[in-house]
Amino acid sequence: MVAGLPDKQRLTAIASVESEVISNFQGARPLRDSEFAAHGKQFSAGWQLPGLLKSDKHQLRLLLPESFPFARSRVAVYPMEPMFTWPHLEEGGLLCLAPDEAPHLPGNAVATVVLAINRAQSLVNDCLEGRGFSQFEDEFVSYWNRWAKAEQPVRSLCQPDGPSRHVRAWYGKAITVVAEDDTSLRAWLDGFFGEKVSAENFTPREVPFIWLEKVPRPAEYPTNVGALLRLVQSDSQSKALLEKLLLDQGVSNKTILFGCRTRQGVGLGAVRILKPQSHRGAADPLTKGGFRGAPPKPILLARYSAAPVVGAKVIRCDPAWVHGRDHNPAVGTLSTKSVVVFGIGSVGSPVVTLLAKSGVGKITLVDPQTLDSENTSRHELGANSVEKGKAAQLATSLRQRFPHLVVQAEGKSWREFSLVNLEKLTSADLVISTMGSWSLESELNATVLKHPSFAPIIYGWTEPHATAGHAVVFMDRSACLRCLTDDSGDLRTPVTSWNGDTTKQIPACGGSFQAYGAVELEHTIAVIAELALDVLTGRVQTSSHRTWLGRRQVLGQAGGDWNPGWVQANVDPGDGGRIIEVSISGDPQCPACKAKA
């Protein structure tokens, strides 16, 4: 009995199932206590239901969990068939009839039970008549992972596609990683461990990546080398790769990566080949026989045929899977893009994190400041990074989270960085400034205007109390940030208006700040990050200004209101909580643009 579960509702649901469902099955009987144990779960009620299957041998059993009706009813087949005999057959004879995320109706216990029984009847009858076994192929990954017995999974960075080829594998004490080449393998490991892997510990090996044209079913999963060779018999390239591995007596850990394309997408699996065991005191079963040197190839391969094979789970870590499970068309584009971000504070750090989560291939973080404890409530970094460089700390964190990305840190001001890395600002696909300082961004704006080849640049910032936020992209030099701002760097027509100073003071020199929380800030962060992704994927190709309008209630509570001038020039925000976008045109009177000319 689950603690706190409404007992009356549970008993009522069970009673309704018994009176409205079970009573309709002639010969149905309650299960005895000893019969529940066969199905390996804790159930509070169950019945055996005869006459539903096209077999005198098998019957269905309806099982109600202790947390029913909030948990789904289960159906088992009895007598139990071995795992992998039929698709959707689990341990204890239980049938997998619906994914966890499928709709469930706890308030209608009878309907959910009837649906489960009907699905189970259809599934088992199809299997009894030889139908539905293609689902073994459609859900290859699930069945392979259940079959696999190796304790250590293989992490794959490889391109999930053919042809069969050699790839590189690194074996650690607790992790095995496979990649297309040593460069990407080492970069991933350096990021994952948070430090460079020493040369003596980086000893990758060549392993085959076999691409199967036909998706194997459980009956074809190899349990020995002979079955493994039969699996690749029709593909000369795959067979050659496998035989080369078997003949290499210098490799004791023989791992093979498999890939195949199902109707539902790509599936990966791996196997480890174990050396044939010799009897106590007997010679090595592979090399015995008095040959000078290694036995001839045919003999060695024949001796290997009985060697056991153990399946291993593969954890895909390639960008296409990590950033969209093979269904995000933007990943291929974003993985090739390079972004430089100035200002890794409360706005910049979450923007950078969103870009990394989205799969931007290379991100350079530029910020000379260290993290203060009071920053942590609005920053991606926490207490363990206080008094450490923001850029370096966040870069290390993101490299560990996304080792396939290139995330670099420069603990310099944007000006120091540009003096020695101007080519990075012209070759990058995008520059983002979230420095939030007019003295810095006015100089950056002037620098951008002087260099026609400077990358497109986004400026992102908030208005007081984060009640409105802005993301402005300049794709060319026909307009600039100063076209939109006054001499102090404020928007000429801001969204919000305030009476008096909106900053708060702390007992320190220059210790003023804008009071707002992380929740209010998230909306502006999302606007900036989304605009960045739109630029990188080509959805935005002209200069544009996106504005987040916060909720009017929050604005009023902070003591502000909508600016009448902005409302007249744009749109009435009403209750707020929306995004608007306007195009940008240059100001003929802009002093920065005039200075450029």
Side-chain angles (χ1 to χ4, degrees), residues 155-161 179-181 183-185 187-188 190-192 265-266 315-344 347-366 380 391 394-410 421 423-434 454-460 471-476 522 524-544 546 579 581:
R155 301 195 185 211
S156 171
L157 319 181
C158 297
Q159 178 69 23
D161 204 349
E180 294 287 351
D181 52 59
T183 300
S184 57
L185 179 57
W188 194 94
D190 289 346
F192 181 80
V266 170
I315 300 173
R316 284 184 59 183
C317 300
D318 57 279
W321 185 255
V322 171
H323 300 290
R325 307 185 196 188
D326 287 338
H327 289 280
N328 181 358
V331 170
T333 298
L334 292 174
S335 65
T336 67
K337 299 301 183 180
S338 172
V339 177
V340 178
V341 182
F342 295 140
I344 313 302
V347 175
S349 66
V351 167
V352 166
T353 300
L354 287 176
L355 296 182
K357 288 180 177 181
S358 301
V360 175
K362 183 177 180 180
I363 310 173
T364 302
L365 285 56
V366 182
E380 289 294 293
L394 185 59
T396 298
S397 172
L398 291 175
R399 283 195 298 266
Q400 288 185 293
R401 294 170 63 183
F402 307 101
H404 56 284
L405 303 180
V406 177
V407 186
Q408 300 173 333
E410 296 281 355
N421 293 288
E423 75 286 351
K424 290 186 178 181
L425 299 177
T426 57
S427 63
D429 296 289
L430 180 65
V431 174
I432 300 174
S433 174
T434 52
F454 203 99
I457 184 167
I458 289 177
Y459 298 91
V472 182
V473 61
F474 297 100
M475 300 295 294
D476 53 36
E522 287 297 316
T524 300
I525 291 165
V527 170
I528 298 169
E530 184 178 39
L531 180 58
L533 295 176
D534 285 347
V535 171
L536 294 172
T537 55
R539 291 190 290 265
V540 168
Q541 298 183 354
T542 59
S543 298
S544 181
R546 291 183 185 175
I579 298 170
E581 183 168 5

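None of these values were measured; they are calculated from a predicted model.
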With heavy-atom distances below 4.5 Å as the criterion, would you say the side chains of [X] and [Y] are in contact?
| X | Y | result |
| --- | --- | --- |
| Thr434 | Phe342 | no |
| Ile457 | Val473 | no |
| Arg539 | Glu530 | no |
| Asp476 | Ser543 | yes |
| Val347 | Ile528 | yes |
| Val540 | Arg546 | yes |
| Leu398 | Glu380 | no |

Residues 333-340, side-chain donor-acceptor partners within the protein, below 3.5 Å, at least two apart:
{"from": "Ser335", "atom 1": "OG", "to": "Val331", "atom 2": "O", "distance (Å)": "3.2"}
{"from": "Ser335", "atom 1": "OG", "to": "Gly332", "atom 2": "O", "distance (Å)": "3.0"}
{"from": "Thr336", "atom 1": "OG1", "to": "Thr333", "atom 2": "O", "distance (Å)": "2.7"}

I'd like to know if the side chain of [X] and the backbone of [Y] have a donor-acceptor N/O pair within less than 3.5 Å.
| X | Y | answer |
| --- | --- | --- |
| Ser433 | Tyr459 | no |
| Glu180 | Gln159 | yes |
| Arg399 | Val407 | yes |

Among Val341, Ile525, Ile344, whose side chain to side chain contact (heavy atoms under 4.5 Å, CB included) with Val351 holds?
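For Val351, the side chain to side chain contact (heavy atoms under 4.5 Å, CB included) test succeeds with only one of Val341, Ile525, Ile344, which is Ile525.
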Determine all donor-acceptor pairs shorter than 3.5 Å in which one atom belongs to a side chain in residues 356-365; sequence neighbours excluded.
{"from": "Ser358", "atom 1": "OG", "to": "Leu354", "atom 2": "O", "distance (Å)": "2.8"}

Geometric class of the Phe192/Trp188 ring pair [parallel <30°, tilted 30-60°, perpendicular >60°]:
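Ring orientation, 0 to 90° scale: parallel.
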To the nearest 0.5 Å, what is the distance between [atom1] ([X]) and [atom2] ([Y])?
| X | Y | atom1 | atom2 | result |
| --- | --- | --- | --- | --- |
| Leu531 | Ile579 | CG | CD1 | 10.5 Å |
| Leu430 | Leu355 | CG | CG | 8.0 Å |
| Ile432 | Ile458 | CD1 | CD1 | 5.0 Å |
| Asp326 | Trp321 | CG | CH2 | 6.0 Å |
| Cys317 | His404 | SG | NE2 | 8.5 Å |

For Ala179, side chain to side chain contact (heavy atoms under 4.5 Å, CB included) partners two or more places apart:
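For Ala179 the side chain to side chain contact (heavy atoms under 4.5 Å, CB included) partners, ignoring immediate neighbours, are Leu157, Ser184, Leu185.
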What residues form a salt bridge (Lys or Arg N to Asp or Glu O under 4.0 Å) with Arg155, not counting sequence neighbours?
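For Arg155, no residue satisfies salt bridge (Lys or Arg N to Asp or Glu O under 4.0 Å) once neighbours in sequence are set aside.
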Only counting residues at least two apart or in another chain, list the ones meeting salt bridge (Lys or Arg N to Asp or Glu O under 4.0 Å) with Asp318.
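Once residues adjacent in sequence are excluded, the partners of Asp318 under the salt bridge (Lys or Arg N to Asp or Glu O under 4.0 Å) criterion are Arg316.
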Which residues satisfy the side-chain hydrogen bond (donor to acceptor under 3.5 Å, both in side chains) test with Asp161, sequence neighbours excluded?
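For Asp161, no residue satisfies side-chain hydrogen bond (donor to acceptor under 3.5 Å, both in side chains) once neighbours in sequence are set aside.
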